[in-house]
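Working notes, structure below.
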Amino acid sequence: MSNNFPGVDWLEALDLGAVTVLTGADRGKYPHGNSVLVQGIHHNVLIDPSLTVAERGLSFPVDHVLLSHVHEDHLPGLSRLPGVPVHCHEADAIGLTSLDGLMTMYGMPADIETEFRQEILNDFYYAPPRDFSTFSDAKVFDLGGVEIEVVHTPGHTRGHCVFVIPQARTAYLGDIELSGFGPYYFDEWSSLAEFEQSIERCRSLDADHFVTFHHKWVISGREQFLAMLDDFANVIVRREFSMLEFLEEPRSLDECAAHRFVYRPQVEMTFVDHVELRSAQIHLDRMVRDGRVTQMPDGKFRSC
Ligand SMILES: [Zn+2]
């Protein structure tokens with residue numbers, strides 16, 4: 001199962017034929033991640049060069065880099081690949097133009113943003129690549145005997161994509177990470193509705209191996225994948241169910257955020273309050289729109 005692909009010197013590499021999973025530190029737990037190397041006759045492509053790639057380096061040639069989306073943890077390894085052409089979906093291109101461009105994708109409040117900017121520069125080695133171009137849905141990269149097909153799956157970011165490598169029966173899922181935490185759709189560049197549509201689209205992915213950048217690593221077997229995709233989608237359903245219960249008493253937006261429907265109460269990170277507020281706003285907007293929640297004259301919300 002491990003480290004038996006010729007020419008790939010990597011402590012924990014999983015060989016799936018033309019695809020090699022370069023397992024990140026802590027099995028790809030953030031801030032690390034699992035990068036994917038795809039080897040064709042003519043080209044080697046590295047997908048999502050992780051922080052582990054940045055720290056460890058690479059012992060094989062890389063001709064092109066593909067990004068599932070533009071987020072700080074998916075591109076630190078570019079620091080080891082100067083001059084290598086980078087490709088991302090057109091909707092995320094702004095994140096590769098400058099740090100300011102990248103920050104517009106997150107949409108953080110100023111107090112958190114200042115600190116995060118420094119982290120992106122110091123801990124994730126962010127630098128805009130000199131040579132980058134964009135692709136759109138259904139683009140196929142021909143590596144020589146091996147292809148990478150782009151499946152646009154927005155929601156996490158506007159330009160998030162899944163990559164399918166038919167010759168290896170593998171789909172790389174990026175940050176559709178199938179974790180118990182559920183989908184992350186709290187950035188300025190995120191969309192809950194699009195994320196749900198993208199999860200639906202993933203149900204028809206034709207593959208036997210499914211690779212996530214974080215947490216779950218490699219899932220082999222379609223049935224297992226589909227069950228995990230259901231669990232992942234259900235995190236959203238359960239969140240709204242819990243909110244509707246909470247809103248049997250009228251509550252304000254701030255009360256919903258303070259109750260925490262995303263993170264557990266003991267989690268202490270600087271961005272938690274911001275994410276809880278975003279999440280509460282997103283779900284209240286949607287549930288008011290579809291008639292599950294009503295807004296009272298005093299501004300509070302109540303389930304119908
Ligand atoms: Zn991401």
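Atoms within a ligand are numbered from 1 in the order they appear, just like the ligands themselves. Atoms considered below: every heavy atom in the structure, side chains included; atoms not considered: hydrogens, waters and symmetry mates.
- When hydrophobic residues (I, L, V, M, F, W, Y) are linked wherever their side-chain heavy atoms come within less than 4.5 Å, the members clustered with Leu51 are Tyr125.
- In this model, no donor atom of one side chain and acceptor atom of the other lie less than 3.5 Å apart for His71 and Asp92.
- Checked against side-chain contact (heavy atoms from CB on, under 4.5 Å), Asn34 has the following partners two or more places apart in sequence or in another chain: Val21, Thr23, Trp217.
- Classification of the Phe225-Phe210 ring pair by plane angle, with boundaries at 30° and 60°, yields parallel.
- Within the protein, the N, O or S atoms lying under 2.8 Å from the Zn ion (ligand 1) are His69 NE2, His71 ND1, His156 NE2, Asp175 OD2.
- Ring planes of Tyr30 and Phe124: tilted class, angle from 30 to 60°.
- Residue Val293 is found in a hydrophobic cluster whose other members, listed by chain and number, are Met243, Leu244, Phe246, Leu247, Leu253, Phe261, Leu277, Leu284, Met287, Val288, Phe301; membership requires side-chain heavy atoms under 4.5 Å apart, directly or through intermediates.
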